[in-house]
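The structure appears below as structure tokens.
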Amino acid sequence: MSSTPLAITSGVFSNRANATLWVPVGALEAYAEADYWKDFKEIKEMTSIEFEDDAVKAICVANWDTNNDKELSYDEAAAVLSLGTAFSEKADITSFNELQYFVGLSAIGEDAFINCLSLQSVVLPETVTEISPKAFSGCASLLDVNLPNGVQTIAEKAFYGCSSMEGVVLPESLSSLGTQAFANTGLREMILPEGLSTIGQGAFNQCSQLKKVAIPASVTSIGNSFEGSSNLSMVFVKYTVPISIESTTFPYRSTAALYVPKGMSGVYAEADYWKEFGEIVEYIDFKDEAVKSVCVANWDTNSDGELSYAEAAAVTNLGTTFKDNVAITTFDELQYFTNITNVDSYAFQNCTELKSVVLPEGVTTIGYCGFTGCTNLATINIPTGVTSISYQAFARCSSLASMPLPEGLTSMGEAVFYDCKGITSISIPEGMEYIPASAFAGCSSLQSVTIPNSVKYIYQQAFIGCGNVKDLTLPEGLKSIGALSMPDGLWRITLPSTLEVIGSMAFTSDLIRVTALNPIPVDIDALVFQGRTNPDAILYVPKGALDAYKEAEYWKEFTTIMEIGSDDPNENPTSQTLQDGDTYAGNVEYVLEELAYKRTFNNTEWQALY
């Protein structure tokens, strides 16, 4: 019975309300929530293991059925500490996936399944750390075996003669591979894990179907491990300094290709025996197999199943190859696609699991919606040569915490960083003349904004929804502020002398401190400063402009209007830590942990403004 409930209809078990349902261990909750299964009168977990293979069950019951009920319970299986040779030479057993419940085992012992000629599949318990000598030797029908992440040793001849075994994934925990461990097997490729230090003599001898092997930098000695493996055509190494090998290490090297790290082909071309490979190729070692699969499918021009640095450098555009791909997570290797100058429109749109990208330094443009909807994207570089980032290029990239913009940037599209909820600060580079509509709308974590003097226009809704920006100084040179453009959490703003236009509802927050540096009041409507009548609202204006502002429509409605530089301690507040109820003489404004404080009516007690 499956641990995952099958989809059924109401008519499948018509008497279920009066029946008991027995389910595998650990599946109780799943069945208790599944439609129609949950309607059984009782749902109980089976206490006995349901074996696929009667021959395996018979052996288990004969050896470990301690209560003589002709069954093997999960507890009885867990109590087994060694299989001994109970299964050795048993040519009739075919499947032992239930071995996974024997969680008292730390090793599959010597000769445990030797010459089990019909055994096709085994699932090992997660507690196993060692595969002992000849444990599965001679299992000619064995197709598949899981090796738990925890296995440290695969000993001498552990899988010798498993001629039907075409593939196996070695765990990252593996440190030692014994003599002839996989000799005379049907393996087609072998990826050795980083951390493996020893490959025993003859480990892959007589593997006539083996075509590819990858050797990590942690291996210190290879030895004579591939004798008789005449089809080995691809050898991958990660050594930045070639280790010493013998003439017999790779006996068929003259017809094989050697794949080496970037910049290492020349070194290997001079190293003894390594230099005798038929071809030496610098290849890209992808972190993400899903990314590699896409790259190989599209740009592997020599059909070797890999992407070399030369093949990557030959690519001039990505198109929409990765668009909507929810499997890819990391594409730092994009940096090697050195002839790409434009990240195409929609290139990575809705790659929701993509976390990291490194763009090539030659990129100058990021196209429309290039990374829109990459909600897990946390790390990306913007190369120094980028001059244009287009419409919604990073919209809804909610995991981005920072976005340093390059100095040469001169163009940004609307909503370029829309709804990037993780960004905390932004610095617009000198040279940008405008901030586009909705550029940072919805960036709810944004606290700090720096705008250079080159910016002349801030368009509508540029910073709407940025409720954590409290204080903002707009630059000299700015001419126009669009409607609904300013952060809605502002309480202090400085407006430059060059400002000519302020759009309706530009400020949706209750500003309490406005400094206007233009001596001539800009025409505004009633909705620009909606908090101007707040009892705490103060408008600071240039010397000599007091009367003009006191007569200007809507400006004149500020509760307090005073000239910059007048006898007002608010302009140069003394730094002092204050709490509610603290006293201090004088009319002074303070900021403590982003909270502004004011005097109460008795002129001595202080309280939070908001």
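Basis for what follows: all heavy atoms, side chains included, without hydrogens, waters or symmetry-related copies.
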Check: Judged by atom type as modelled, is there a donor-acceptor pair below 3.5 Å linking the side chain of Asn184 to the main-chain atoms of Gly161?
Finding: no
Next item on the list: Please name all residues satisfying side chain to side chain donor-acceptor pair (under 3.5 Å) with Lys41, sequence neighbours left out, ordered by chain then number.
Entry: none
Next item on the list: Examine distances only and state if a side-chain atom of Ser132 and a backbone atom of Ile108 form a donor-acceptor pair shorter than 3.5 Å.
Entry: yes
Note to self: Using only atom types and a distance under 3.5 Å, with no angle test, would you say the side chain of Ser141 pairs donor to acceptor with the backbone of Leu119?
What the structure shows: no
Taking only distance into account, with no hydrogens and no angle test, what donor-acceptor pairs under 3.5 Å do side-chain atoms of residues 76-90 form with protein atoms, sequence neighbours excluded?
unit_1, atom_1, unit_2, atom_2, d
Glu76, OE1, Ser73, N, 2.9
Glu76, OE1, Ser73, OG, 3.4
Glu76, OE2, Thr66, N, 3.1
Glu76, OE2, Thr66, OG1, 3.1
Glu76, OE2, Asn67, N, 3.3
Ser82, OG, Gly84, N, 3.1
Ser88, OG, Asp111, O, 2.4
Glu89, OE1, Asn115, ND2, 3.4
Glu89, OE2, Asn115, ND2, 3.3
Lys90, NZ, Ala86, O, 3.3
Lys90, NZ, Ser88, O, 3.4

Checklist line | Ala181: partners by side-chain contact (heavy atoms from CB on, under 4.5 Å), with sequence neighbours left out | finding: Ile154, Leu177
Check: Should the heavy atoms of other residues, nucleotides or ligands under 6.0 Å from OH of Tyr368 be counted, would the total exceed 12?
Finding: no
Item checked: Partners passing side chain to side chain donor-acceptor pair (under 3.5 Å) against Asp324 (at least two apart in sequence or in another chain) -> Asn350
Next item on the list: For Val61, check side-chain contact (heavy atoms from CB on, under 4.5 Å) against everything at least two apart and list the hits.
Entry: Lys57, Asp65
Notebook entry, point to check: For Val281, what residues pass the side-chain contact (heavy atoms from CB on, under 4.5 Å) criterion, not counting sequence neighbours?
Noted result: Tyr259, Glu279, Ser308
Item checked: Residues in salt bridge (charged side-chain N to carboxylate O under 4.0 Å, His left out) contact with Asp288, at least two apart in sequence or another chain -> none
Item checked: salt bridge (Lys or Arg N to Asp or Glu O under 4.0 Å) pairs, two or more places apart, involving residues 165-189 -> Glu166-Arg188
Could you pull out every donor-acceptor pair under 3.5 Å between side chains of residues 191-200 and any protein atom, sequence neighbours left out?
unit_1, atom_1, unit_2, atom_2, d
Glu194, OE2, Ser218, N, 3.2
Ser197, OG, Ser175, O, 3.1

Notebook entry, point to check: Partners of Glu52 by side-chain contact (heavy atoms from CB on, under 4.5 Å), sequence neighbours excluded?
Noted result: Ser95, Asn97, Glu98
Next item on the list: Without swapping roles, check the side chain of Asp344 against the backbone of Leu318 for a donor-acceptor pair under 3.5 Å.
Entry: yes
Notebook entry, point to check: Going by the side-chain hydrogen bond (donor to acceptor under 3.5 Å, both in side chains) test, which pairs reach into residues 223-232, not counting sequence neighbours?
Noted result: Asn224-Glu227
Notebook entry, point to check: Are Tyr31 and Phe40 near enough that their ring centres are under 6.0 Å apart?
Noted result: no
Using atom types as modelled, flag every donor-acceptor pair under 3.5 Å from a side chain in residues 369-377 to any protein atom, sequence neighbours excluded.
unit_1, atom_1, unit_2, atom_2, d
Thr372, OG1, Gln392, O, 2.3
Asn376, ND2, Thr352, O, 2.8

